Each structure stands twice: as structure tokens, then as C-alpha cells.
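First up is the structure itself, then whatever we jot down about it.
Quick caveat: nothing in here was measured; it's all calculated off a predicted structure.
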Amino acid sequence: MNRFTIAVLLFVVSLNSFAQKAVFENRVVLSDSVNSRDDESAAILSADGKTLFFVRSFHAGNVGGATGNQDIWYSTRKSKDSWSAARNIGAPLNDKFHNAACGISKDGNRIYLNAIKVRSDKTVPGISVSEKKDGKWSDPKAVSTYPFPEKGFFQVFVSFDETVAIVSFEGPASMGLEDLYLVKKDASGNFAEPVSLGDKLNTQGFETSPVLSPDGKTLYFSSNGRGGQGDGDIFRTSRLDDSWLNWSVPQNLGSKINTNGFDGSFSMDSDSIGFYISGEGNSGSGDIFAINLVPPPPPPPVVVIKDTIPPPPPPVVVKEEPARVDTFSQALFEFNSVVIREDSKEGLNTVVSRLNKNKLYKVQVEGHTDNVGPEAYNQKLSEKRANSVRQYLLAQGIPAKNIKVQGFGELNPIATNDSDEGRSQNRRVEIKYFISK
């Protein structure tokens, strides 16, 4: 798939982006119910995950036929891994020109397009919207006021809450080729002046295919200005505050996803399956792929090897009874990891020692995360971290009946999530003790 095809399109699948540093496996091309021998791109998964909109280029079934450039098609999800035969969405969204969707409302009743029709035979770069009434799409109307230049490549992503758009184009403030810009919706309901997202994201190469996660905290985009596997790799960055202009350092999604061709427009569904476009398709010049996100496995249990030397007699223990439920200790974790940090094990060993000294003590193991990523993923991650500590205590001989486990996700931070240091403190498991007679 060449860059021209990608650049006038937008892959907007953005449900449930992965929460922390991702581990991927099992890249597969979607079946021929979605992909064809022609070029597919610009997939948009509806908020409920049941409809996939995408673009099919120079296809005989397009409104203008095989010479009719690009049309919007759609497929409905029959099961987790199965899609219905694709259908052309038809007029008035499709005509004989370039047609591409760049956003879908959460309720599925508004679809955004990355062009404005100014005459029957002419479109210009911009944002327009169509509403579904009685099962039919209305004629698109313009909802952007800025005169985007009619040169280079123009791409848009409208957020699922419809309040902001991320636009890729070569503007007066661009550092090189296409850069990423923020455009907010004004009081009249139009997208107004673009503001550059700055040199933390933009380079002297191109930055294209912007996709925001549903919660607006994560941005995916393709760039050829940061090195990588090929002609444009997919990167992710996290929004650090409400200004929409402060983002974390972009991270390459890695060789499990990026190829030596153009890769772009990545996002996740609610089952942690990523969808994206790749120029290394098996059935045509460009296809839509899916890939599983696999969380890191829990650490193996610690095996305690007992020797044959008789143990020393137990020490005389002075009973220590806490006056209240309190925190024993805590264990810290790296980004997206469920592996206990080595510098936390000394504190856990102290917990083991105190539990062995006083058999009335029981503990509650409480898992926590930072706020990077969707809440549902972070909730599961906090539970896995708590269970990692539970496994450690079990391996040291603490009875299972004395350990309770609970995950709180990102709900109870002890430090700010606006800095790396604060987020590091929030990636923790707290161990609290209490007495049970």
C-alpha cells in the first residue's frame, strides 16, 4: 500500500487502547469478508464494537466504479473473530471522489468525514458531519472553519466525545512534512484554529494517521521521522494534562506490529485486540490486520528448598498485637509489569517474618495502578499485581487462609499521576494487617 492511499484516509479504530507497555502476539490479516484484492484502510470501529467502517480504494463496487477513487464500506461483527460481508455505505457519503470517514459518535448516529464538498465536482480539506435519521445518512455539512491548504496529505481524527480533532497536514508551523495539530470545537459547534502539538511529537518527517483512545488519554500515530521498521511506524503517546498540548515521549509499538512497509492507524477494542493497517497485506496492496495484546505473565512461584539439617528451636516470641488495621509494607512495580521489583522484596520478607512471629495476624493485599490507560484494564492489572504478592507470601509459607486479595485499579493514587515519579509511586501493592481471633 502506498502512502498516497493512506494519507487521504484515517484509521480510527480506537476502543480501549492498551494501558501500559504492551506485549503483542498473533498478528493476523482479517478475512476476505473485510479485505479484498484492492486496497483497504481507514477502519473505524463503532463504540459498541459491532460495526467496522473502512475505505476500499479503486474497487469495482465503488460508486464511481474501479476508477472512482475511494469509498466508505462497512462490515458488522458476527463474533469475536468473524465479520459479515462488507457493503458499500452508498450515497450521500460516497461519490466519485475520495471519501473517507474520520470519526464516529459514541451512539453511532453521527459520522465525520475528512473533506467538505463546495461544489458538485469539488471538495476541499476540512471536516464535515452526517447524521443518521430513520436509518439513512443525511447530506454532510461542514463543521470546520479553518482554510486548510489544498496541498500535501490531509487526515483527521474526531474524538469519540466530538469535542476535539487531531489533524495531520503540512501547515505554516510544520517542522517538516505533515505535522499533528489540535483543533477544538468552539461554542458554535465548529472546529476552529489548529494548534501544533509541538516538537515532542512532530519531526522533520511526517506524522500521520492520528487516533485517540475513547477516553482521550492516548494518541496513536504513524511517523517516519523517528526511525523504526519501515516507511512509517506506529507510535503511542499519553496525554499528561488537560491542555491537550502536553504529551509523553512517543513509544514505538515494536516489530510485532510495524513492518518494512507503511503501518498506521492503530487502536484497541474492548477485548484488547488491536486493529491497524499495514502495507504488507496478504490479499492486496493494503489490508486491515488484528493482533492480540497479551499482558505479561505473573512471576513464577518462589520454590523454597529445605535441607536436612534440623531447624533450631523456635525463639521465644513476645506477642505483638496492633491496636488498629494498618499498613505493613508495600511492593512496587515497573510500567505495566506484575513482577515484584527486587528493591521491594526486603520489605516483603519483613512482612513474612512478622506474620510468622504472630499467628493472629492476617493480611489484606491491595493492588493499585497509575492512571495511564483505560480503567477496566487497570482494574485487572491491579488484581494481578495483588496476586503476585499473594504468590510470594504463599511461597514463603504463609497460609492462604491468612491472605485476602483486592484490586483497586487507578482509584486510590498516593501521588500525582502527572509525573513519571508520581506514577511510579502509584504502581504499588499495599499490605495491611489485622487481627482475627
Checklist entry - Hey, are Glu383 and Gln379 close enough side-chain-wise for a donor-acceptor pair under 3.5 Å? => result yes
Next on the checklist: For residues 163-175, which residue pairs pass the salt bridge (Lys or Arg N to Asp or Glu O under 4.0 Å) check, not counting sequence neighbours?
Outcome noted: none
Item to check | side chain to side chain contact (heavy atoms under 4.5 Å, CB included) between Gln70 and Asn99, worked out | outcome: CA-CA 5 Å; Gln70 298 155 329; Asn99 305 290; 5.6 Å; no
Next on the checklist: So for atom NZ, which belongs to Lys217, do other residues, nucleotides or ligands contribute more than 12 heavy atoms lying within a distance under 6.0 Å?
Outcome noted: yes
Checklist entry - Should the pair Lys345-Glu342 be classified as a salt bridge under the 4.0 Å nitrogen-to-oxygen rule? => result yes
Item to check | Donor-acceptor pair, side chain of Lys384 and main chain of Val338, under 3.5 angstrom | outcome: no
Next on the checklist: If you compare all heavy atoms of Ser144 against all heavy atoms of Ile116, which two are closest, and at what distance to 0.1 Å?
Outcome noted: OG-CD1, 3.5 Å
Checklist entry - At what distance, to the nearest 0.5 angstrom, does OG of Ser168 lie from CG of Asn114? => result 11.0 Å
Checklist entry - Under a 4.5 Å cut-off applied to non-hydrogen side-chain atoms, are Asp420 and Phe335 in contact? => result no
Next on the checklist: Once ring pair (Phe, Tyr, Trp, His ring centres under 6.0 Å) is applied, do any residues pair with Phe408, and if so which ones, sequence neighbours excluded?
Outcome noted: His368
Can you list, pair by pair, the side-chain donor-acceptor contacts under 3.5 Å of residues 100-110, counting residues two or more places apart and other chains?
residue: Ser105; atom: OG; partner: Asp107; partner atom: OD1; Å: 2.6
residue: Ser105; atom: OG; partner: Gly108; partner atom: N; Å: 3.4
residue: Ser105; atom: OG; partner: Asn109; partner atom: N; Å: 3.2
residue: Ser105; atom: OG; partner: Arg110; partner atom: N; Å: 3.0
residue: Ser105; atom: OG; partner: Arg110; partner atom: O; Å: 3.4
residue: Asp107; atom: OD1; partner: Asn109; partner atom: N; Å: 2.9
residue: Arg110; atom: NE; partner: Glu162; partner atom: OE1; Å: 2.8
residue: Arg110; atom: NH2; partner: Glu162; partner atom: OE2; Å: 2.9

Next on the checklist: Can you give me the closest heavy-atom contact between Ser223 and Gly225, atom names plus distance?
Outcome noted: OG-N, 3.0 Å
Next on the checklist: Holding to ring pair (Phe, Tyr, Trp, His ring centres under 6.0 Å), I want the full list of residues that pass it with Phe169, two or more places apart in sequence or in another chain.
Outcome noted: Phe148, Tyr181
Next on the checklist: Can you confirm whether Asn292 sits close enough to Ile273 that some side-chain heavy atom of one is under 4.5 Å from a side-chain heavy atom of the other?
Outcome noted: yes
Next on the checklist: Between Ser344 and Ala331 (side chain of the first, backbone of the second, donor and acceptor by atom type, cut-off under 3.5 Å), is there such a pair?
Outcome noted: no
Item to check | Where Val164 and Trp244 come nearest, the two heavy atoms and their spacing | outcome: CG2-CH2, 3.8 Å
Checklist outcome for this item: Distance col, row Glu178:CD vs Ser209:OG, nearest 0.5 angstrom, shows 10.5 Å
Item to check | Within-4.5 Å side-chain heavy-atom neighbours: Leu332 and Ser424 | outcome: no
Item to check | Shortest non-hydrogen contact from Pro92 toward Ser138 | outcome: CG-O, 3.5 Å
Checklist entry - Quick one: side chain to side chain contact (heavy atoms under 4.5 Å, CB included) partners of Ser188, sequence neighbours excluded? => result Asp186, Asn190
Next on the checklist: Nearest 0.5 Å, please: how far is CD1 in Ile72 from NE2 in His98?
Outcome noted: 13.0 Å
Checklist entry - Can Thr369 and Glu410 be counted as having a side-chain donor-acceptor contact under 3.5 angstrom? => result no
Checklist outcome for this item: Residue set satisfying side chain to side chain contact (heavy atoms under 4.5 Å, CB included) with Asn252, at least two apart, ordered chain then number -> Asp233, Phe235, Asn258
Checklist outcome for this item: Taken to the nearest 0.5 Å, the spacing of Asn69 CG from His59 NE2 works out to 14.5 Å
Checklist outcome for this item: Across all chains, not counting sequence neighbours, the side chain to side chain contact (heavy atoms under 4.5 Å, CB included) partners of Asn417 are Asp370, Asn371, Pro413, Arg423, Asn426
Checklist entry - salt bridge (Lys or Arg N to Asp or Glu O under 4.0 Å): which pairs involve residues 113-133, sequence neighbours left out? => result Asp95-Lys117, Arg119-Asp121, Lys122-Glu150
Item to check | Arg236 side chain vs Thr218 backbone, donor-acceptor pair below 3.5 Å | outcome: no
Item to check | Any donor-acceptor pair under 3.5 Å from Ser196 side chain to Gly198 backbone | outcome: yes
Next on the checklist: With heavy-atom distances below 4.5 Å as the criterion, would you say the side chains of Val363 and Ile398 are in contact?
Outcome noted: no
Checklist entry - side chain to side chain contact (heavy atoms under 4.5 Å, CB included) with Lys141: which residues, sequence neighbours excluded? => result Val129
Checklist entry - Yes or no on side chain to side chain contact (heavy atoms under 4.5 Å, CB included) for Arg56 and Asp71, after CA distance, side-chain angles and deciding distance? => result CA-CA 6 Å; Arg56 186 167 280 176; Asp71 276 10; 5.8 Å; no
Item to check | Approximate separation, where rounding is to 0.5 Å, of Arg226 CZ and Leu201 CG | outcome: 6.5 Å
Next on the checklist: Are the side chains of Leu240 and Asp418 in contact, using a 4.5 Å heavy-atom criterion?
Outcome noted: no
Next on the checklist: Test: salt bridge (Lys or Arg N to Asp or Glu O under 4.0 Å). Region: residues 72-87. Which pairs qualify, not counting sequence neighbours?
Outcome noted: Arg77-Asp269
Item to check | For the student: nearest non-hydrogen atoms of Asn224 and Gly205, plus distance | outcome: OD1-CA, 3.3 Å
Next on the checklist: Is there a side chain to side chain contact (heavy atoms under 4.5 Å, CB included) between Leu197 and Leu245? Walk through the geometry before answering.
Outcome noted: CA-CA 6 Å; Leu197 292 185; Leu245 300 177; 3.9 Å; yes
Next on the checklist: Quick one: does any side-chain atom of Asn378 pair with a main-chain N or O of Gly409 as donor and acceptor, under 3.5 Å?
Outcome noted: no
Item to check | Step-by-step side chain to side chain contact (heavy atoms under 4.5 Å, CB included) determination, Thr208 to Phe153 | outcome: CA-CA 9 Å; Thr208 62; Phe153 304 110; 5.8 Å; no
Checklist entry - Can you check whether Phe289 reaches Val28 side chain to side chain, under 4.5 Å on heavy atoms? => result no
Checklist entry - Could you state the interatomic distance from CD1 (Ile166) to OH (Tyr220), rounded to the nearest 0.5 Å? => result 13.5 Å
Checklist entry - Taking C-beta and beyond as the side chain, do Asp263 and Leu253 meet within less than 4.5 Å on heavy atoms? => result no
Next on the checklist: Which residues pass the side-chain hydrogen bond (donor to acceptor under 3.5 Å, both in side chains) test with Ser31, not counting sequence neighbours?
Outcome noted: Ser33
Checklist outcome for this item: Residues at least two apart in sequence or cross-chain that pass side-chain hydrogen bond (donor to acceptor under 3.5 Å, both in side chains) with Gln406, listed by chain then number, are Gln364
Checklist entry - Hey, which of Leu52, Val34, Asn88 is the one that makes side-chain contact (heavy atoms from CB on, under 4.5 Å) with Trp73? => result Asn88
Next on the checklist: If I compare all heavy atoms of Gly264 with all of Ser222, which pair ends up nearest, and what's the gap?
Outcome noted: CA-CB, 4.1 Å
Next on the checklist: Using side-chain heavy atoms (C-beta onward) and a distance below 4.5 Å, is Phe221 in contact with Thr237?
Outcome noted: yes
